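In listed order, ligands and their atoms are each counted from 1. Starting from 1, each residue takes its place in the sequence as its number. Everything numeric here is computed off the predicted structure, so don't read it as measured data.
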Amino acid sequence: MSDLLRLTDDGLYCEAGDFWIDPWRPVRRAVITHAHADHARPGSEAYLTSSEGRHVLRLRLGPDALIEAVPYGQPVFMNGVRVSLHPAGHILGSAQIRVEHKGEVWVVTGDYKTTPDPTCALFELVRCHVFVSECTFGLPIYHWPDPRTVFAQIHAWWQANAAAGRASVIYGYALGKAQRILAGVDASVGPLLTHGAVERVNAAYRESGVALPATEYVGGVADRARYRGALIIAPPSAHGAPWVRRFGDCATAIASGWMQVRGMRRRRAVDRGFVLSDHVDWDELMRTIEATGAERVLLTHGYTAVVARYLQERGLQADVLSTRFVGDADDIDAIAEKA
Ligand SMILES: [Zn+2]
Ligand SMILES: [Zn+2]
């Protein structure tokens, strides 16, 4: 089998089609899986994204970037190479990139999850010969609870804080996680207040047609008594910053897959950890790899060597692909540095 896609200094490159997928340096043509910072970098001449993802990508790249958007499933031909984008279920507009050339099919997942999420299209299984998969949480210890259970925990925590007259500050990635939290909580419990970084992304989600409950930018709240009983959604980088001090004695929590690991919450110096991830857990990863029918698997993000060895032992051709994607570890580490 030929290498339809290969790593170059600029990123994952398709020579036959002359384009890159999520390049980390400026290139002529970038096909983007999703708008997280490590996948969508500025400076390329042209970008291709899903229609659903165009507003959030614009937010990431600024007004001058040349962005072309294509509906999920609709093919685009580049030098005779057939390229199509399929829902990855990770965040709004996230896509797996399917590349077909001379009967050979590769799929690059970007980041993905198969659990339903009201803020983005459901993951679509795409059969392929070569599957380039993330494995941020590629260890058997990672097994996500049902999101409904997690939201019940968030509600109980929020209500107890409200009853005690304290504000509840929950940290999650400003793009994706924050909106998933907003879409999942019961807005009748109390006011939903947001950090500016979250509110900017909310606007892009609403512009894209995603239904979110009413939110209010914290900076616009004149009456500080309203903080009590509110759920305040902020990026992890706000923890320990002067920004959070305005809430006085408040309860803090973080929503992330990393919260599955005991001790992680303490290291991050927050009161609570809710296990809510926008990546596949171990079982989802294994099920998905098998269902694609791929004979070769290339792994990016996280525990790549462990997963590659596990798949090799099961008779698959599996290798590590050394990309510069950092996964959602970076937003959590912002807290660790301050703790
Ligand atoms: Zn991502
Ligand atoms: Zn990623």
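- Among all heavy-atom pairs drawn from Arg180 and Asp278, the shortest one is NH1-OD1, 2.9 Å.
- Ring to ring, Trp282 and Tyr142 are not that close: their centroids are 6.0 angstrom or more apart.
- Counting only distances under 2.8 Å, and ignoring water, the protein N, O or S atoms around the Zn ion (ligand 1) are His34 NE2, His36 ND1, His90 NE2, Asp111 OD2.
- Relative ring orientation between Trp144 and Phe137 is described as perpendicular, the plane-to-plane angle rising above 60° on a 0-90° scale split at 30° and 60°.
- By the side chain to side chain contact (heavy atoms under 4.5 Å, CB included) test, Ala230 is found to be paired with Pro191, Leu193, Ile232, residues two or more places apart in sequence or in another chain being considered.
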For this session: Show the numbers, then the answer: is there a salt bridge (charged side-chain N to carboxylate O under 4.0 Å, His left out) between Arg98 and Glu124?
Result: CA-CA 11 Å; Arg98 183 187 185 278; Glu124 179 191 327; over 6 Å; no
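- Between His86 and Tyr72, the gap from one ring centroid to the other reaches at least 6.0 Å.
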